[in-house]
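Just below is one structure, and these are the notes that go with it.
Below, chains carry the letters A, B, ... as their sequence lines are ordered, and counting in each starts from 1.
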Protein chains: 2
Amino acid sequence: MSEQNQKYASSDTRRREIAAAARAVIVEKGIDGLRTREVAARVGINIATLHYHVHSKEDLLRLVIEAMREEFVEQGRYIDAQALDPLAKLKLEIGEYKELIVHKPDLLPLFEELGKRARTDPVLEPIVREIRIGWHRRFVGLLDEGKANGQFRATLDAEAGAHMIVGALVAFQYKPRHLLPIFDSVADEIIRSVIAT
Amino acid sequence: MSEQNQKYASSDTRRREIAAAARAVIVEKGIDGLRTREVAARVGINIATLHYHVHSKEDLLRLVIEAMREEFVEQGRYIDAQALDPLAKLKLEIGEYKELIVHKPDLLPLFEELGKRARTDPVLEPIVREIRIGWHRRFVGLLDEGKANGQFRATLDAEAGAHMIVGALVAFQYKPRHLLPIFDSVADEIIRSVIAT
DNA sequence: GTTGAATTCAATCAACTGATTGATTGATGA
DNA sequence: TCATCAATCAATCAGTTGATTGAATTCAAC
């Protein structure tokens, strides 16, 4: 008697299933396109069952964003564990961002959607801000290090440079898939724009 | 008897009013937050009157995007009319973008919203694509000119550089207002990243 | 003042939406 | 087997949404 044949599932299991389905819907249809009935249908439960496990649509969003935040934290942890010089680290940051686009194609669109909602949601806003500012600061930090060790040009404004780099990377999230090969040449151009000559 | 006291208005006038109200709502609440009843209320007419003048919500969107397109075309025309070298032109493009953010704070958010919709709307998509690609090409063009006349560094990949610059500029649309002073330092960094040393 | 067309409105429709209610079912432990 | 609690469901609620209908009003021309 496998678990799959059980009609009932524990609340933990259900919440996970519900969050995953909600995430998929948000990525496909945007946050305003999220419908609790659709989420319930995707999980294979009744709408009232969904409400039993997740009190409200608002709680559902919280669930999704919390899982997303964990994913970003994991990503940053991995990169920090590498012992690299600033130039190599910049390349790694950029490469890992590309990996996200390629292998987790739903994470960044999810962040975009939740980021948009965060503009008017006081509970989401600090979470999204923390992720954004955290990421930006990583670039400021490593640009500063690269200047200090002579790898990056002395005229580089680390703060402004970080804005420029982050902007260029984020823009790839919105580009059609067939433009992905250009990512590498943009990555190279970013490197050329900061290295000391 | 001024026009303002007239209850009835010509269809041209109403359509303009309706389009303007719809635009404001889209900017405030996103495209998914656009409600025909709210648009009607803002214009001061009944929902059925709105449908009399604008057949459907879809037509309403068409109206809004068409007006937006015109604004972008005007912008490009103004810049093209200036006789400048590539570096000065790059500075002008960047400066004019900042002017948009400051003086037409609703235009770029509107483009963002309509751009998002365009991903799944075959009628909007070519319009949005035309605006995007047109703008990108302007940067490619002037980066190429700058390389040719020696103002920009010889290692510059114009295509990739344009992606980088556009991305950095667009990112300012999403930043909180208090970060606007950083725009100028990012603009300077963009210039430093491309000029020949 | 009358006429006819344009414009406007209240009421209504059908469908959708987040959420609730109360009955039923499933699972577990004694 | 029985009791209890967790989990599930169909039906329902109140409100929202784009859109329609038919009557009323307004305006311009004669």
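As a whole-Å value, the separation of A/D32 CG from D/dT17 C1' is 14 Å. Rounded to an integer number of Å, the gap from NE2 of B/H51 to C1' of C/dT7 is 15 Å. In this structure, A/R35 atom CZ and C/dA15 atom C1' are separated by 12 Å, rounded to whole Å. When rounded to the nearest whole Å, the span between CG of B/L61 and C1' of D/dT17 equals 15 Å. Across the protein-nucleic acid pair, A/E58 atom CD and C/dT17 atom C1' stand 15 Å apart, rounded to whole Å. Remark: P of C/dT20 and CG of A/D59 are 11 Å apart, rounded to the nearest angstrom.
Surrounding CZ of A/R119 are more than 12 heavy atoms belonging to other residues, nucleotides or ligands, all under 6.0 Å away.
Considering only heavy atoms from C-beta on, A/Q173 comes within 4.5 Å of A/Y97 through its side chain. Residues A/V102 and A/F183 fail the side-chain proximity criterion, which asks for heavy atoms closer than 4.5 Å.
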Taking only N/O atoms, report every protein-nucleotides 6-11 of chain D pair under 3.5 Å with atom names and distance.
{"unit_1": "D/dA7", "atom_1": "OP1", "unit_2": "A/S11", "atom_2": "N", "d": "3.3"}
{"unit_1": "D/dA7", "atom_1": "OP2", "unit_2": "A/Y52", "atom_2": "OH", "d": "3.1"}
{"unit_1": "D/dA7", "atom_1": "N3", "unit_2": "A/Y8", "atom_2": "OH", "d": "2.9"}
{"unit_1": "D/dT8", "atom_1": "OP1", "unit_2": "A/K7", "atom_2": "O", "d": "3.4"}
{"unit_1": "D/dT8", "atom_1": "OP1", "unit_2": "A/A9", "atom_2": "N", "d": "3.4"}
{"unit_1": "D/dT8", "atom_1": "OP1", "unit_2": "A/R14", "atom_2": "NE", "d": "2.8"}
{"unit_1": "D/dT8", "atom_1": "OP1", "unit_2": "A/R14", "atom_2": "NH2", "d": "2.7"}
{"unit_1": "D/dT8", "atom_1": "OP2", "unit_2": "A/H53", "atom_2": "NE2", "d": "2.3"}
{"unit_1": "D/dC9", "atom_1": "OP2", "unit_2": "A/N46", "atom_2": "N", "d": "2.6"}
{"unit_1": "D/dC9", "atom_1": "OP2", "unit_2": "A/T49", "atom_2": "OG1", "d": "2.8"}
{"unit_1": "D/dA10", "atom_1": "OP2", "unit_2": "A/N46", "atom_2": "ND2", "d": "3.0"}
{"unit_1": "D/dA10", "atom_1": "N7", "unit_2": "A/N46", "atom_2": "ND2", "d": "3.3"}

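We find that A/E71 and A/R23 are joined by a salt bridge, their nearest charged nitrogen and carboxylate oxygen being less than 4.0 Å apart.
Counting non-hydrogen atoms under 4.0 angstrom, B/L60 reaches nothing in the nucleic acid.
At the phosphate of D/dA28, OP1 or OP2 sits under 4.0 Å from a side-chain N or O atom of B/Q6.
Screening residues 47-56 of chain B for side-chain hydrogen bond (donor to acceptor under 3.5 Å, both in side chains) gives B/S11-B/H53 as the qualifying pairs, with residues at least two apart or on separate chains.
Here B/R192 pairs with B/E189 under the side chain to side chain donor-acceptor pair (under 3.5 Å) rule; sequence neighbours left out.
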